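Contents: one structure, followed by commentary.
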Amino acid sequence: MQILTRDEAAHRAAQLDVSAIDVVVDVRDAQKESVATYPVSSTLTMTSRGERSFIDIAGEVTGVFLNGQAHAFEDDEDRVWVSGLPVGESFTLEIRALARYSRSGEGLHRYVDPEDAEVYLYTQFEPNDAHRAWPCIDQPDVKPEWTFHVIAPARWVVSSNGAEIRSEPVDGEEVVRHDFSATRPLSSYITAIVAGPWAVIDGGTWSGGASDGGHTDLALRLLCRRTLARYLDAQDVFEVTRAGLDFYHERYGVTFPWGSYDQIYVPEYNLGAMENPGCITFNENYISRSTPTFAERQRRANTTLHEMCHMWFGDLATPAWWDDLWLKESFAENQGASAIATATRYVGEWANFAMNRKIWAYTQDQMPTRHPIAADIPDVAAAKTNFDGITYAKGASVLKQLVAWVGQDAFYEGTRRYFQKHQFGATCLHDLLEALEEASGQELETWKSAWLDTSGPSTLFATRAIDGAGAISDFTLHQSAQACGGVLRPHRVTVSTWRVAGGKLEQTRVFDVRIEGERTLIDPDGVLSGSGSAALVDLVVVNDDDLTYAIARLDERSTDVALAYVATIDAPITRAVVWASLWNAVRDGLLDPRRFIDAVLTAVPAEREPTIRDRLVLFVAEALSSFLPGRARVGVHDRVMATMLRLSKETTDADARRTYTRAFIAEFSARGGDNYAETVKGLAWADDPDIAWRARRALSARGIVHEETIDQWRDADGSGEAARMSAEALSSLPEESARRRAWESVYADSLSNDLLTATLAGLQASSWEGESGVETALSRIRAYWETHTIGMALRYANGVLALGIDIDREGSVEQSVCLLRSWLEENADAPAQLRRIIIEHLDSFERCERVQRRWEQEQ
């Protein structure tokens, strides 16, 4: 497998001008599982400045035709080299090939629904897997117009980037050729087809336009597997879709240019979703066979509007290379959250962001592998591993700070100028900053240097002095740059003060503060300097409203008050910021996890924001399993189990009941509890299939049920979800024979991408106390990486390293920390992206060990 480098891409882009690519894909035999390949041809219309170049194609090339005549070629792994190209004149180059159906979620993926044996196909390409499906110039700065033709079984539904303009029988009535309209200029990684007996839900038409004077009547459709159609709450999806189209058209100034808006929920997906214009694909896990909770619908809304933002940021104006990946992902992350909070019923989205996505950013940004937002990406392998918390969530947080710094009106004026100048083009960071500087009248090179060219989080904290009369003086905001290489960044933040009154927190003051150096006064006018003013300040919240990207520390008094009273704060965003501060203190060994867990167990029944409630429960599980040594876990585990079970029975909120029940089952799976086994057995027969399968997997991991029972559950259910969950349950059985079969299936390459993940998850969840297999798995990780696609290699690497660590368990540190250190020493020449994954897991293990040792003496 050849990896395209940035230098190769730049050279080819300078040599070739590709105006159009016409693709014919023949999947008429896709329903025959014995057929591993399909015929495909691409006809490229282009000019060249040199006589020799290469086209990307991972399949078997069967012919090359220059201006319609057979032409010599050299087949070089994932490339076909062609010499004798005409120089300086337009020509056509047709590449014919046999491409392989995929089971890895890359290229053209084929899925067989176990419930009804129907076959479904979809494509997934980012960053450069389009050449697995058809011949092309597979790099983002080459943006031809594309025309697709798909030959498929007659009863299938086919979708692509363009609108379908014609369908007619081929070779009788059993096969149909679908012809789609030519697209506007488009990068290869966002071209797409989906084909299969999809259920189609018509959402009517959205009509409108932007300030460019354009107008579009946009047909809205949802597609999913037939066996899932009755579970898709389409009304909610369409409501969010329409709200998003209104939001972006009002702000971006360019009318949606892609002609159609199909949203397709696909199985065994490697991502949350992908922004293929006109043919947006989503992970079908966003469809629940249970009634989806408010928080689950909100997560789906987030993804829906994230991908919609890409129709402009990424599809209309595309980063020329993956160095500027953030130009689309950070913007989609930021603007998706803004659209949800502003235009939909999910108004608490920024609180959700602060508690979820931003924690991801802080975690990633404190690792040894942290990198600037504007990263250095030498090849597409590096790009694949850069879809991380920095590129997404940190970038989005920094953009939120930029909006606060320059003002919302200037920000959107800048984006409109950017799109107007660069639509259908390939861009770089300079292009965007130029537009924002013109709109805001502010110099942004200093901002860029501080925020985009550096790594690590800033740290902000407040100090104050109190005199004998109870007056506050020297109320100061401090910035520490220790974690970000000494760089002092410009921040605009809200600092709020709170006091306890009548058993709850009430806000006393709000300060709008700008800081660019190490310190600045929060209260320069002395509003809190009067006698007795200290009584007004029991809690200081730094970065209230979550406007900037920085780890905000609470002082000792504020920590005590927050732990006791945070649930009484009215504003969800403030509660989220405070909880995030407390959680970061737990991760850094500054706050005893037991105090944090106790605070959550007390506060969570009163939490009104579903996403905050759900995240707090997950924090409890992580604090217990990662940051407490084993001897300290027992009592806490019992308390958590009892509380979650009690809350699940007491609450009248169906969503909250599901959250607490899931948490109860997860704790039972992780640590057991004989007195709860019967309760979990009962849940295994719940009407809610999600709860039932979670309970079944927990019983399997504890060795309470056996293989025959799991098989019976799977067969009775029959769904694709049951196939995945039963695979995890079977591999989690704490039996030597079950584990041996699971590992054999991993190395036999008999598993699809989803089943590989499920099998490895089960192996790690098992209560098996014998040989874990991790040493063998790690010894094979390099060979696996070098012989599999990047997507499968990532699943394998992350799956085998999903270990827990407990300093009180014999061999735990050796199996995690020591094992990975030894691997890194012995594999100094391993691929950089694989070493990065190992380093990140090692860093997580070392953090857990460090924090556990911090609290082991205080048990």
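What you are looking at is a predicted structure, and each value in this text was computed from that prediction instead of being measured. Heads up: numbering here begins at 1 and tracks the sequence.
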Roughly how far apart are [X] [atom1] and [Y] [atom2], rounded to 0.5 Å?
{"X": "S330", "Y": "I373", "atom1": "OG", "atom2": "CD1", "value": "6.0 Å"}
{"X": "D754", "Y": "S104", "atom1": "CG", "atom2": "OG", "value": "11.5 Å"}
{"X": "S41", "Y": "H149", "atom1": "OG", "atom2": "NE2", "value": "8.5 Å"}
{"X": "R177", "Y": "I151", "atom1": "CZ", "atom2": "CD1", "value": "5.5 Å"}
{"X": "I21", "Y": "C136", "atom1": "CD1", "atom2": "SG", "value": "6.0 Å"}
{"X": "D78", "Y": "I55", "atom1": "CG", "atom2": "CD1", "value": "13.5 Å"}

Just so I know, are the side chains of [X] and [Y] near enough to count as touching, which here means a heavy-atom distance under 4.5 Å?
{"X": "R780", "Y": "V800", "result": "no"}
{"X": "D141", "Y": "T318", "result": "no"}
{"X": "T45", "Y": "S90", "result": "yes"}
{"X": "K384", "Y": "N386", "result": "no"}
{"X": "E268", "Y": "E284", "result": "no"}
{"X": "S19", "Y": "E145", "result": "no"}
{"X": "Y248", "Y": "L305", "result": "yes"}
{"X": "N798", "Y": "I837", "result": "yes"}

T47/E89 under side-chain hydrogen bond (donor to acceptor under 3.5 Å, both in side chains): CA gap, chis, key distance, verdict:
CA-CA 6 Å; T47 59; E89 62 184 70; over 6 Å; no
Do the ring planes of F331 and W326 sit parallel (below 30°), tilted (30 to 60°) or perpendicular (above 60°)?
tilted
Just say parallel, tilted or perpendicular for the rings of H178 and F180, cut-offs at 30° and 60°.
parallel
Sequence neighbours excluded, which residues qualify as side-chain contact (heavy atoms from CB on, under 4.5 Å) partners of [X]?
{"X": "A210", "answer": "D212, H249, T255"}
{"X": "E786", "answer": "R782, P831"}
{"X": "R357", "answer": "E333, F353, W360, Y392, A393"}
{"X": "L98", "answer": "T37, P39, E60, T62"}

Of V24, L108, V25, the one forming a side-chain contact (heavy atoms from CB on, under 4.5 Å) with V40 is V25
Closest contact, heavy atoms only, [X] versus [Y]:
{"X": "S53", "Y": "L16", "answer": "OG-CD1, 3.6 Å"}
{"X": "S42", "Y": "W134", "answer": "OG-CB, 3.8 Å"}
{"X": "G50", "Y": "L85", "answer": "O-CB, 3.8 Å"}
{"X": "G389", "Y": "Q364", "answer": "N-OE1, 3.7 Å"}
{"X": "A381", "Y": "I3", "answer": "N-CG2, 3.8 Å"}
{"X": "E126", "Y": "E275", "answer": "OE2-OE2, 4.2 Å"}

So that I can tick it off, tell me whether [Y] and [X] are bridged by a salt bridge, with the cut-off set at under 4.0 angstrom between side-chain N and carboxylate O.
{"X": "D365", "Y": "R370", "answer": "no"}
{"X": "D388", "Y": "R836", "answer": "yes"}
{"X": "R835", "Y": "E840", "answer": "no"}
{"X": "D129", "Y": "R132", "answer": "yes"}
{"X": "D379", "Y": "R6", "answer": "no"}

Go through the structure and list residues passing salt bridge (charged side-chain N to carboxylate O under 4.0 Å, His left out) with [X], not counting sequence neighbours.
{"X": "D26", "result": "R28"}
{"X": "D17", "result": "R49"}
{"X": "R96", "result": "E94"}
{"X": "E307", "result": "none"}

Modelled atom types, side-chain donor and acceptor of [X] and [Y], under 3.5 Å:
{"X": "N276", "Y": "N161", "answer": "no"}
{"X": "R103", "Y": "H109", "answer": "no"}
{"X": "R12", "Y": "Q139", "answer": "yes"}
{"X": "H310", "Y": "E329", "answer": "yes"}

Taking the six-membered ring for Trp, is the centroid-to-centroid distance between [X] and [Y] below 6.0 Å?
{"X": "Y265", "Y": "F282", "answer": "yes"}
{"X": "Y261", "Y": "F256", "answer": "yes"}
{"X": "F419", "Y": "Y252", "answer": "yes"}
{"X": "Y269", "Y": "Y122", "answer": "yes"}

Can you give me every donor-acceptor pair (side chain of residues 182-190, partner residue at least two apart or in another chain, under 3.5 Å) with its distance?
residue	atom	partner	partner atom	Å
T183	OG1	W146	N	3.0
S187	OG	P140	O	2.6
S188	OG	D138	OD1	2.6

Could you name each residue pair satisfying ring pair (Phe, Tyr, Trp, His ring centres under 6.0 Å) that touches residues 43-75, not counting sequence neighbours?
F54-W81
Among pairs that include at least one residue of residues 9-52, which meet ring pair (Phe, Tyr, Trp, His ring centres under 6.0 Å), considering only residues two or more places apart or in two chains?
Y38-Y101
Kindly say whether [Y] contributes a backbone atom to a donor-acceptor pair with the side chain of [X] at under 3.5 angstrom?
{"X": "N283", "Y": "G272", "answer": "no"}
{"X": "Q15", "Y": "R52", "answer": "yes"}
{"X": "S181", "Y": "A163", "answer": "yes"}
{"X": "T391", "Y": "F387", "answer": "no"}

Under 3.5 Å, which donor-acceptor pairs do the side chains of residues 424-436 form with other protein atoms, sequence neighbours left out?
residue	atom	partner	partner atom	Å
T427	OG1	Y418	OH	2.8
D431	OD2	C428	N	2.9
E434	OE1	K421	NZ	3.2

Does atom CD of Q2 have more than 12 heavy-atom neighbours, drawn from other residues, nucleotides or ligands, at distances under 6.0 Å?
yes
Check step by step if ring pair (Phe, Tyr, Trp, His ring centres under 6.0 Å) holds for Y784 and Y747.
CA-CA 9 Å; Y784 195 100; Y747 296 122; 7.0 Å; no
